[in-house]
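Notes follow once the structure below has been shown.
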Amino acid sequence: MGVEFQYVHKAFDIVNGKPKYILKDVNLKIETGEFICVLGKSGCGKSTLLNLLAGYLKPDKGRISVDDTDVDGPSEERGVVFQQHALFPWYTVRQNIEFGPRLKKKENVKEIADKYIQMIGLEEYENAYPSELSGGMAQRVGIARALANDPKVLLMDEPLGALDALTRDTMRKELIRIWQLSKKTVFFITHSVPEAVYLADRVVILKDGQVTLDERIELPRPRNIRSPKFEEYVDLFSHSIADAPADEMVIAE
Ligand SMILES: Nc1ncnc2c1ncn2[C@@H]1O[C@H](COP(=O)(O)OP(=O)(O)OP(=O)(O)O)[C@@H](O)[C@H]1O
Ligand SMILES: [Mg+2]
């Protein structure tokens with residue numbers, strides 16, 4: 001059960017008659033309820049991995065499954081939150097969150113929206129339009145909207161990347177709080193090593209098209225970013241990412 005990548009290969013180009021694999025034999029198992037962060041250099045294939053799990057792309061080889069069911073196209077059971085929120089500008093906060101449940105003709109649409117508006121702490125903004133929200137608020141609505149569909153997995157591709165440092169810091173804490181309340185499996189991509197150490201149960205490093213490190217973070221929450229152990233994880237991951245430059249990567253079989 002949970003999310004499973006088995007022998008996953010993905011190429012976009014053919015070079016000298018051979019597929020140039022961006023992902024080559026990725027194997028990864030994520031337990032239900034786990035918060036996993038994926039780190040790796042720009043261009044190493046993080047978003048590709050997420051897009052495969054989201055069902056936007058299909059693997060060339062291998063298998064991706066959620067609770068033992070193969071991923072075959074996008075589905076509400078895998079809710080995606082992007083860096084730039086994709087809220088409907090003509091809908092209010094509440095209407096954005098209600099959108100999914102309404103589409104599914106849920107009977108308790110209002111209660112579902114109430115629950116998530118409260119979870120993200122935007123009760124006072126439920127009738128505001130996206131243009132009236134700060135970046136952090138809009139991102140929280142994006143998360144609430146994904147959660148309102150009751151997905152099995154929440155997929156986030158650098159969701160805090162567009163926020164200023166202070167808001168980003170607040171949002172990390174907020175995210176942990178929401179995750180602890182919602183108990184969802186989270187697949188989270190970030191460029192920031194400290195962010196991964198702060199958030200994740202497990203950190204996975206992608207390099208040369210494969211998982212080169214898979215490490216559990218054994219720190220109690222809320223995490224103290226100034227503790228020596230925290231620094232140790234940051235050092236470990238930073239070195240691990242930097243070893244081989246992804247830019248020079250050409251993978252052919
Ligand atoms: N649709 C596509 N068509 C062709 N090449 C692609 C496509 N999507 C991604 N690539 C290539 O695959 C490689 C991995 O891209 P991907 O976006 O997964 O990297 P990333 O790790 O998310 O990078 P970043 O950290 O910069 O977001 C890159 O070399 C990219 O150019
Ligand atoms: Mg990316």
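Because only heavy atoms are used, hydrogens play no part in the values below, and waters and symmetry mates are left out as well, while side chains stay in. On a predicted model such as this, the values are computed, not experimentally measured, just so you know. One-based numbering, in listed order, for ligands and for the atoms of each.
Using a 4.0 Å cut-off to heavy atoms of E158, the atoms of ligand 1 that qualify are 25 (O), 27 (O). For ligand 1, the atoms sitting less than 4.0 Å from at least one non-hydrogen atom of S47 are 17 (O), 18 (O), 20 (P), 22 (O), 27 (O), numbered in the order shown with element in parentheses. Residue-ligand proximity, K41 to ligand 1, at heavy-atom distances under 4.0 Å covers atoms 21 (O).
The Mg ion (ligand 2) lies under 2.8 Å from an N, O or S atom belonging to S47.
Across the listed options L206, T48, V38, T48 owns the non-hydrogen atom lying nearest to atom 16 (P) of ligand 1.
Within the cation-pi definition used here (under 6.0 Å to the ring centroid, within 45° of the axis), R145 qualifies as a partner of F88.
In K152, the NZ atom is crowded: over 12 heavy atoms of neighbouring residues, nucleotides or ligands sit closer than 6.0 Å. Enclosure of atom NZ in K29 is not indicated, since only 12 or fewer non-hydrogen atoms of other residues, nucleotides or ligands lie within 6.0 angstrom.
For atom 31 (O) of ligand 1, the nearest protein heavy atom is 4.0 Å or more away.
The part of I22 lying near ligand 1 is the side chain, judged by heavy-atom distances below 4.0 Å.
Note: Y91 and F99 have tilted aromatic rings, judged against thresholds of 30 and 60 degrees for the angle between ring planes. Ring pair F187/F5 is tilted by interplanar angle, where 30° to 60° counts as tilted.
Ligand 1 is approached by G45 to a heavy-atom distance shorter than 4.0 Å.
Of the protein's non-hydrogen atoms, G43 O, 4.1 Å is the one closest to atom 29 (O) of ligand 1.
Summarising the geometry, atom NE2 belonging to H9 is positioned 9.0 Å from atom CG belonging to D60; distances are rounded to the nearest 0.5 Å.
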